[in-house]
2 protein chains.
Amino acid sequence: MRRIAPDRDQLLGIVAEVFREHGYEGASLALIGAATGLGKGSLYHFFPGGKEEMARAVIAHIDGWFEDNVFAPLRDNADPQAGIEQMLEATDSYFRSGRRVCLVGAFALDESRDLFGGQIRDYFGRWITHLAEALARSGHRPGEACELAEETVAAIQGALTLARAANDLDVFSRALRRLRMRLGLPAKI
Amino acid sequence: MRRIAPDRDQLLGIVAEVFREHGYEGASLALIGAATGLGKGSLYHFFPGGKEEMARAVIAHIDGWFEDNVFAPLRDNADPQAGIEQMLEATDSYFRSGRRVCLVGAFALDESRDLFGGQIRDYFGRWITHLAEALARSGHRPGEACELAEETVAAIQGALTLARAANDLDVFSRALRRLRMRLGLPAKI
DNA sequence: GCGACATTGTACCGGACGGTACAATGAGTC
DNA sequence: GACTCATTGTACCGTCCGGTACAATGTCGC
């Protein structure tokens, strides 16, 4: 499906983790080098544009993962409810039940948004659009579906913030449970 | 109520804005100096502990504002519904209807959480606790009140993230409108 | 072995970083 | 004026920053 070389694929995963933990400004090349085991020579060989290109590639990588595992089910599953259920499961697994933070959401908050604004807007925009479309197919009125989709994505982002603030993973799983109810899915998968 | 010298009070407001826009790592002393008009000499005179003490003071300052304008109404207003309404209005005005980001939430996301974990946990913890208490007083069952309070604070945080990501203030006002409905308040203040 | 090219380590650059030292001001009291 | 003490500007420190240069390796096909 994606034809990125496998090593580059996992390389981007490691770099993503550094950005997630330290933010764009805080993720120094030294930290990235230590995490990946690569020297500056290699890093600049793979990403001639430096840190900014790394971040851009990482966002695109995440976007690709969501496209395959979150947006595609919402769009392609004949049963919209099943697609929404797949979305929630993929979301829970991606964010490791709240252990992980949303890198795109974190980038949206500080001034690094100015560098990646287009990618950030696109990521959340598609998430909400595809979810709203699935909700509409499952019986909600269009306007109501849009609001509910926006509310859902916001609830996920907020739960990630709160879970990390409270250092309590249950915050995230409670939020997902409420969302299941709110979206008309059977409780407890 | 608060007996901080007035100039220090507004100084903290300016420094807070720099942290909000650039994050803890991104807020350099040069930026803070430029924003406040103070040289390093003055900054280190007021905050001998440097950047970390500035951030700690800024969080405490924000916490104080929320204590006076958000938590107190929730706690002290005899009519819990009115207190909740006051909370939402104060929240809307504090975040400038979505133009502003939550500094404490932003700090929670990256590794600066490790420095300020206690203050961050306290801020959100008290927000949720006081809101849950007001909800319980207004008729919700205790467990349900806790969940609804957590859901509300998460929705606010998520809406701030999404509003900035989409660069669309309406995202935040829509979220507040939904919360009013969800919390049993009359629509449109 | 050979050449071509991808990959790597290392040394280095100028500049910005957080933080310190300290002398020079200012404002108030007596 | 003289003594205090808060406040400020400036020069400076060592370190780390993102980024560049480049020679040394690997690893292929031939």
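Every value quoted in this text rests on a predicted model; they were computed, and no experiment measured them.
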Write down the distance between [atom1] ([X]) and [atom2] ([N]), rounded to a whole number of angstrom.
| X | N | atom1 | atom2 | result |
| --- | --- | --- | --- | --- |
| B:Y44 | C:dA21 | OH | P | 12 Å |
| B:H45 | D:dC5 | NE2 | P | 13 Å |
| A:E52 | D:dG18 | CD | P | 13 Å |
| A:L43 | C:dT8 | CG | P | 9 Å |

Inset, instruction - Under 4.5 Å between side-chain heavy atoms, chaining through other members, with only Ile, Leu, Val, Met, Phe, Trp and Tyr counted: pull out the rest of the cluster around A:V101, sorted by chain and number. - result: A:L109, B:V101, B:L109

Legend entry - Where protein sits on nucleotides 9-17 of chain C, one letter per nucleotide: B base, S sugar-phosphate only, - none, heavy atoms under 4.0 Å: BB------S

Inset, instruction - Would you kindly say whether A:N77 and A:Q86 are connected by a side-chain donor-acceptor distance under 3.5 Å? - result: yes

Legend entry - Pairs involving residues 84-104 of chain A, ordered by first then second residue, that meet ring-ring contact (aromatic ring centres under 6.0 Å, His included) (sequence neighbours left out): A:W65-A:Y94, A:F66-A:Y94

Inset, instruction - Estimate the overall bend of the helix from C:dG1-D:dC30 to C:dC30-D:dG1 from the end axes over five pairs each, rounded to 10 degrees. - result: 10°

Show me the donor-acceptor pairs within less than 3.5 Å that the side chains of residues 29-38 of chain B make with the rest of the protein, sequence neighbours left out.
residue, atom, partner, partner atom, Å
B:T36, OG1, B:I32, O, 2.8
B:T36, OG1, B:G33, O, 3.4
B:T36, OG1, B:L38, N, 3.3

Inset, instruction - Using the test ring pair (Phe, Tyr, Trp, His ring centres under 6.0 Å), find all partners of A:H22 that sit at least two apart in sequence or belong to another chain. - result: none

Inset, instruction - May I ask you to decide if B:R126's main-chain N or O and B:H130's side chain share a donor-acceptor pair within less than 3.5 Å? - result: yes

